[in-house]
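Here's the structure we're looking at; comments come further down.
Each chain gets a letter, A, B and so on, in the order the sequences are listed, and its residues count up from 1. Excluded from the calculations below are hydrogen atoms, water molecules and symmetry mates; all remaining heavy atoms, backbone and side chain alike, are included.
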Amino acid sequence: MLRFQKLSFKRGELFLSNVLQCGQAFRWIFHEKLGQYSSTLKIDGEFKILVLKQDQDDHIEYATVGNVEERALREFLHRYFRLEVDMSTLYREQWLPRDSRFEQKRPNGVRILGQDAWETLVSYICSSNNNISRITKMCHALCTEFGNSVGHYDGVDYFSFPTSHEIVARASEDALRTLGFGYRAKYIVATAHKMEKDRLNMSDSEYLESWKDHLQYEQVREKIMSFNGVGPKVADCVCLSGLRMDDVVPVDVHIARIAQRDYKFSARKQDIEELQREYKSLPITHKKVNYELDLIRSMFKQRWGDFAGWAQGIVFAQEVGKTTGANSDGTTYKRKLELDLVVKLEKDDVPFKRHYSEVETVAVSDGIKVEVTHEDVLTEETEYSVTGRPKRKATKNVGYEF
DNA sequence: AAACTTCCTAGCAG
DNA sequence: ACTGCTAGGAAGT
């Protein structure tokens, strides 16, 4: 039996269900019966099986399979979930004053994870032109095929995420293609080779992290983009989640659509030309960069400030609004969002709690569809908070239904 | 420089 | 059964 410990935080700062399987991390397994998430993570330099669960909005519970020193574990979790970042304050002091669209948004416990840099790089190479379901399968395949056995828990074997050395030694383009990586197979192999050659005596992640200390964002991105299969979007994801560069906004098709639709963005010719002059001196970036997308990136950075990447995470989660993840039986499902709302209507009303699921919804509030009856009219004064976990009932759909 | 096309694959609609 | 399309892009032309 696992011994679970509590890790507390300010109410609403973290909801595992909105963070672990929404396309940011790809290796968390959800155990239907236990209501737990598990994965292997490198804690204090060694991969361990970590189990998490949450049924309150002000703490999570954690346990490891096998011994990990308590202090190191808590430090790891604090760093992984970036608990030093206070989202409610950011929301109140940064995003809301700078962007009135945030009046219609809440953080909902969506956070940017501080992940292992090398794993982030490889995972996001897999993500190109791909859906979350398949990315998840690919990341798991990398570990089971080329990683090391870490242990066993609740009927599942766990493996480490392979180092560049292990990928070079154990994988090949052919093997990866057979595993379903498609044209990304050669990117993975080439990236692992380059990493193995460049990192010298450092570990993969130490090498990537070393750039952050003495280089500006533009140069760090440049370095990351020098890996095969890594363009601006993937590099920005590595900056944000792998290197904890909180102001970086990765611009994918969704964010580009939001910029145009909600922020009426359109690139001015003058701005594009200025940007081209700026990039002239950089050897790689100006070849891979899409100037329009890059202008969107800088627009959001300017608008949202030092934690623009986190604001992007909230906006993105609301836009996509679904989670997909692996189950302990090896299947990968798209989950439907399910939540409990604590609704306080008029000021003299007693708050009440009510369960909602996406299926039965009609009205939209905060990007969450809510069924509203005649007796509970949501107004601008309505206070609500979201608790609960994703519904475990699966659909086979891949795609967005909003 | 910018605007194409191609690259794997699974799932789904028509 | 078959085609066409799409899904957190990047590389090649």
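The residues A/K194 and A/E196 are annotated as not salt-bridged, no charged nitrogen and carboxylate oxygen being separated by less than 4.0 angstrom. A salt bridge links A/R261 with A/E319: the distance from a Lys NZ or Arg NE/NH1/NH2 to an Asp or Glu carboxylate oxygen falls below 4.0 Å. A/E119 and A/K42 are not joined by a salt bridge, as no carboxylate oxygen comes within less than 4.0 angstrom of a charged side-chain nitrogen. Ion pairing between a basic and an acidic side chain is recognised when a charged N comes within 4.0 Å of a carboxylate O; A/R221 and A/D294 show such pairing.
Distance from the side chain of A/N129 is smallest for C/dA7 among the nucleotides B/dA2, C/dA7, B/dG11. Here the side chain of A/N131 is nearest to one of C/dA11, C/dA7, B/dA2, namely C/dA7.
Checking A/C237 against A/F227, the closest nucleotide of DNA chain C that is more toward the 5' end is the one next to A/C237. Ranked by how close their nearest DNA chain C nucleotide is to the 5' end, A/K288 and A/S127 are led by A/S127.
If you take CD1 of A/I224 and P of C/dG9, they are 18 Å apart, rounded to a whole angstrom. Going from atom NZ of A/K186 over to atom C1' of C/dG12 covers 10 Å, rounded to whole Å. One interatomic measurement links the two molecules: NZ of A/K287 to C1' of B/dA2, which rounds to 16 Å at whole-angstrom precision. For the pair A/M225 CE and C/dG9 P, the interatomic distance rounds to 15 Å; values are reported in whole Å. If you take CD1 of A/I135 and P of B/dC8, they are 17 Å apart, rounded to a whole angstrom. Atom P of nucleotide C/dA7 and atom CZ of A/F181 are separated by 22 Å, given to the nearest angstrom. Between A/I188 atom CD1 and C/dA11 atom P there is a gap of 12 Å when expressed in whole angstrom units. Put simply, CG on A/N290 is 13 Å from C1' on B/dC4, counting in whole angstrom units.
Taking atom P in both C/dT13 and B/dC8, one finds a spacing of 14 Å when rounded to whole Å. B/dA2 and C/dA7 are spaced 25 Å apart, taking the P atom of each and rounding to whole Å. Atom P of B/dA1 sits at a distance of 25 Å from the matching atom of C/dG9, rounded to the whole Å.
Residue A/V234 is classed as a sugar-phosphate contact, given heavy-atom separations below 4.0 Å to backbone atoms only. Backbone-only engagement by A/P232 is indicated by non-hydrogen atom pairs under 4.0 Å involving sugar-phosphate atoms exclusively. Among the heavy atoms of the strands, none lies under 4.0 Å from A/Y124. A/Y291 comes within 4.0 angstrom of sugar-phosphate atoms only, judged by non-hydrogen atoms across all strands, and of no base.
Geometrically, A/R101 engages A/Y263 in a cation-pi contact defined by less than 6.0 Å to the ring centre and at most 45° from the axis.
Contact annotation: side chain of A/R134 to base of B/dC8, donor-acceptor pair present below 3.5 Å. Within 3.5 Å, a donor on the side chain of A/Y183 pairs with an acceptor on the base of C/dG9, or the reverse.
Pairs passing the side-chain hydrogen bond (donor to acceptor under 3.5 Å, both in side chains) check and including a residue from residues 174-193 of chain A, sequence neighbours excluded, read A/E173-A/R177.
Of all nucleotides present, none satisfies the Watson-Crick or G-U wobble test against B/dC8 with each distance under 3.5 Å.
A sub-4.0 Å separation between OP1 or OP2 of B/dA1 and a side-chain N or O of A/K280 is present. Put simply, A/K233 has no side-chain N or O that comes within less than 4.0 Å of OP1 or OP2 on C/dA10.
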